[in-house]
A.B. asks: 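Pasting a structure here, questions to come.
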Amino acid sequence: MGQPFRNPTTLFISKPCTFLFILIICILGFYTLHYPHAAVTSSNSQTSPRFRRNFLSSSTNATVAAYLRALTQHPHLAGTKPSLDTIHYVQAHFTKLGLQTHTAHYNALLSYPLHSSLSAHFSNGSHVDVPLAEPGLSNHGVVPPYHAYSPSGSAHAKVVFVNYGRGEDYRALEELGVNVSGCVVIARRGGDMPRAEVIKKAEKNGALSVLLYAEQDSRYNRGFERGFVMDGVGDPLSPGWGGVDGAERLDMEDPEVLKRFPKIPSMPLSAEAAETILGTLGGAEAPAEWRSGVERVGPGPTVANFTYRGEKKVMKIQNVFAVIKGLEEPDRYVLLGNHRDAWTYGAVDPNSGTAALLDIARRYALLIDSGWNPKRTIILCSWDAEEFGMVGSTEWVEQNLVNLGSKAVAYLNVDCAVQGPGFFFGATPQLDNLILDVTKKVKDPDVEAATVYENLLTTNRIIDIQRLSGVDSDFAPFVQHAGIPSIDIYYGRDFPVYHTAFDSYDWMTNFGDPLFHRHVAVAGIWGLIALHLADDSILPFNFLPYVDELKHYKDVLSRLLDGSVSLDPLTTAIEEFAYAAKEAEDEAQKLIEKESTSEFELLKKRALNDRLMLAERGFLDSDGLEGRKWFKHLVYGPPSDHGIKLFFFPGVADAMNQAKSAGQGQVKIQHEIWRVARAIQRAARSLRGEIY
Ligand SMILES: *[C@@H]1O[C@H](CO)[C@@H](O)[C@H](O)[C@H]1NC(C)=O
Ligand SMILES: *[C@@H]1O[C@H](CO)[C@@H](O)[C@H](O)[C@H]1NC(C)=O
Ligand SMILES: *[C@@H]1O[C@H](CO)[C@@H](O)[C@H](O)[C@H]1NC(C)=O
Ligand SMILES: *[C@@H]1O[C@H](CO)[C@@H](O)[C@H](O)[C@H]1NC(C)=O
């Protein structure tokens, strides 16, 4: 471009600085008109440390425990009556605290089981009926194990064990001369694959149905891992828009809808039930690295007779919100979100998070009583139907895409807040430093007189920050569709009662968090991060870790691609991004040091904050990923085939995967690299805020 942008107004003003002066006066006039409270800032910036201290000191494990107990009295699957009770419970809690409360409801296609049966027929002529639910379930209202959105159907065929059901597992079977076509496949959970992909791969290999089990220690080996097997995110009948009352709805037979469901029936199995069948297989010997307990993979001689019947129904789901309006910048949103619906009692998943959210609401209400008012708006979000594919959060994000895209500062997700010991987190990298800073201020729940940060350093040495490419919680629509900086935090991982009938309050008090101190720690970290984002005069975003992360991705690619395509576009774009990140950081430091609260300075801060807030949107591409246009983010998103093991640049990952199977395709990889490079450049430009 070279030439600066010329505005016709400049023709009438001889000196550019005069013009600048007039412009500033105009903007200031506009600003005071629209932000009449701006003058209050000065006091707030000094008092916010006090409010943060008060927030931390107002924690109690008793309140969190009481909320969790109330929420987990009954199983509360989305769309059912007990689920409605939890909606009312959360709503009443917010209202009682005097917080502005809203609900948003949608009509979404959910899926429920009607009947299932499985018998195993052995070579000696005997057979057994395989139990398809945890013992003693039927009278407690727990939904029988099933895969949501599985089609109804039956299969009567020889059994094959396919390990995790990955592409490489099928290739290993082929080498052993095992053909799974026409068989019932048993797979174990693992290998980073979403359920939908396991089913899709089995289907592609000609299997008639899939039985999926999770390996467990003997205490929980009668648990069944429920879950959805639909592809993609959100209500399949309203893809890309909110499924509100009277909204357009696709036909059930629409190809766009059908392509999201598997064509073969599937079902979760307990580890115990899987063993009774796997132990009786003949045929080829299992590869050594697969599993010690399975000698042979089949097919057969054991035959499975499997039937599943379910129904898909449009159900009403509801998100609940509490809003604490920002005093100075009501049009900037800091969102804290957790889902409320559960497969069973949901003590870990997700209501440990809900209990923490409700306690944050209680503690924020105390702050409000003591005179606090956030600078920016804080919204506490309680999502519905996450277990069916992030449905509640996705419908809301789709419905409010422009408002969120222009005003959301960050989305802070907590799903299974407490699964056991150890603090874990994921984030878009501009939030890394904020999270670490906050963990330095929160007491560790398990080590006396240490902070969470200190314990993190001693136990982990290297702090492993996950990135948000998965589609396993409500951050997915925020990051991957809307480009909103996000985090996801939790205590413990891989808990044995995941999605089973054993995920109860008793499990939590016996194993997960007997004294509820970990709940308190999560609430402390979560609530404090939000206070900084809502109150700090300059948003606590630092893009330097983002630069390091992008450089690392480029290095990984460079090793994988080995010179077959050019990474130069990426190198140039990352340099630009690094420059912008450094510049933004310097500017932030200068503005933070300047205590001035003149309206001009405030406006400058707001302008920088806007750039910090919006840079992430640059990674979005309006065309989205090829064949999956809902996924707009070109840095973080799931690869369509997890065999590639590349958890960034999903478009590049897909192109590499296709090239692998076609034996060529460098042109396509190169194109996807260009697309990522352009996205990084957009982010860099938006961070710099310059259009010339
Ligand atoms: C038949 O085989 C199954 C599986 O190996 C075994 O559990 C059962 O006891 C056998 N029945 C008879 C009658 O041998
Ligand atoms: C597996 O069996 C099916 C049906 O019998 C056949 O169509 C397919 O070609 C076989 N696959 C391989 C790799 O042999
Ligand atoms: C398979 O199971 C179905 C449903 O339980 C049953 O009707 C059918 O008779 C069974 N078939 C065999 C061969 O056992
Ligand atoms: C809360 O923590 C205290 C101190 O560790 C403990 O005595 C109490 O039992 C805890 N309360 C609950 C409900 O776990």
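Every number for a ligand or one of its atoms is a count from 1 in the order of the listing.
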A.B. asks: Report, in ascending order of atom number, the atoms of ligand 4 lying under 4.0 Å from any heavy atom of Phe516.
C.D. replies: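 Contacts of ligand 4 toward Phe516, numbered from 1: 14 (O).
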A.B. asks: Tell me the salt bridge (charged side-chain N to carboxylate O under 4.0 Å, His left out) pairs involving residues 89-98, sequence neighbours left out?
C.D. replies: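 Output for this query is empty, none listed.
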A.B. asks: Heavy-atom contact check, 4.0 Å cutoff: does Pro514 meet ligand 4?
C.D. replies: yes
A.B. asks: Show me the short polar-atom pairs for ligand 3: any N or O of it lying under 3.5 Å from a protein N or O, with distances only.
C.D. replies:
unit_1: ligand 3; atom_1: 2 (O); unit_2: Asn305; atom_2: OD1; d: 3.3
unit_1: ligand 3; atom_1: 2 (O); unit_2: Asn305; atom_2: ND2; d: 2.3
unit_1: ligand 3; atom_1: 5 (O); unit_2: Ser117; atom_2: OG; d: 3.4
unit_1: ligand 3; atom_1: 11 (N); unit_2: Asn305; atom_2: ND2; d: 2.8
unit_1: ligand 3; atom_1: 14 (O); unit_2: Asn305; atom_2: ND2; d: 3.3

A.B. asks: Are any of the side-chain nitrogens in Arg166 or Asp192 under 4.0 Å away from the carboxylate oxygens of its partner?
C.D. replies: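 No.
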A.B. asks: Centre of Tyr164's six-membered ring, under 6.0 Å away, within 45 degrees of the axis: is that where NZ or CZ of Lys201 sits?
C.D. replies: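 Geometry flag: not set, cation outside 6.0 Å or 45°.
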A.B. asks: Would you verify whether the NZ or CZ of Arg518 falls within 45 degrees of the ring axis of Phe423 while also being under 6.0 Å from that six-membered ring's centre?
C.D. replies: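 The answer is no; the distance or angle limit is not met.
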A.B. asks: With sequence neighbours left out, what residues match Asp341 under salt bridge (charged side-chain N to carboxylate O under 4.0 Å, His left out)?
C.D. replies: none
A.B. asks: Run the salt bridge (charged side-chain N to carboxylate O under 4.0 Å, His left out) test against Asp654 and tell me which residues pass, sequence neighbours left out.
C.D. replies: Arg628
A.B. asks: Can you confirm, on distance only, whether ligand 2 has an N/O atom lying under 3.5 Å from any N/O atom belonging to Asn179?
C.D. replies: yes
A.B. asks: For this output row, return yes or no: ring centroids of Tyr146 and Trp343 closer than 6.0 angstrom.
C.D. replies: yes
A.B. asks: With a 4.5 Å cut-off on side-chain heavy atoms, are Ser154 and Phe306 touching?
C.D. replies: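 With C-beta onward as the side chain, the pair stays apart.
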A.B. asks: Run the numbers for me: atoms of ligand 4, each under 4.0 Å from some heavy atom of Asn61, listed by number.
C.D. replies: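 Reading through ligand 4 atom by atom, the close ones are 1 (C), 2 (O), 3 (C), 8 (C), 10 (C), 11 (N), 12 (C), 14 (O).
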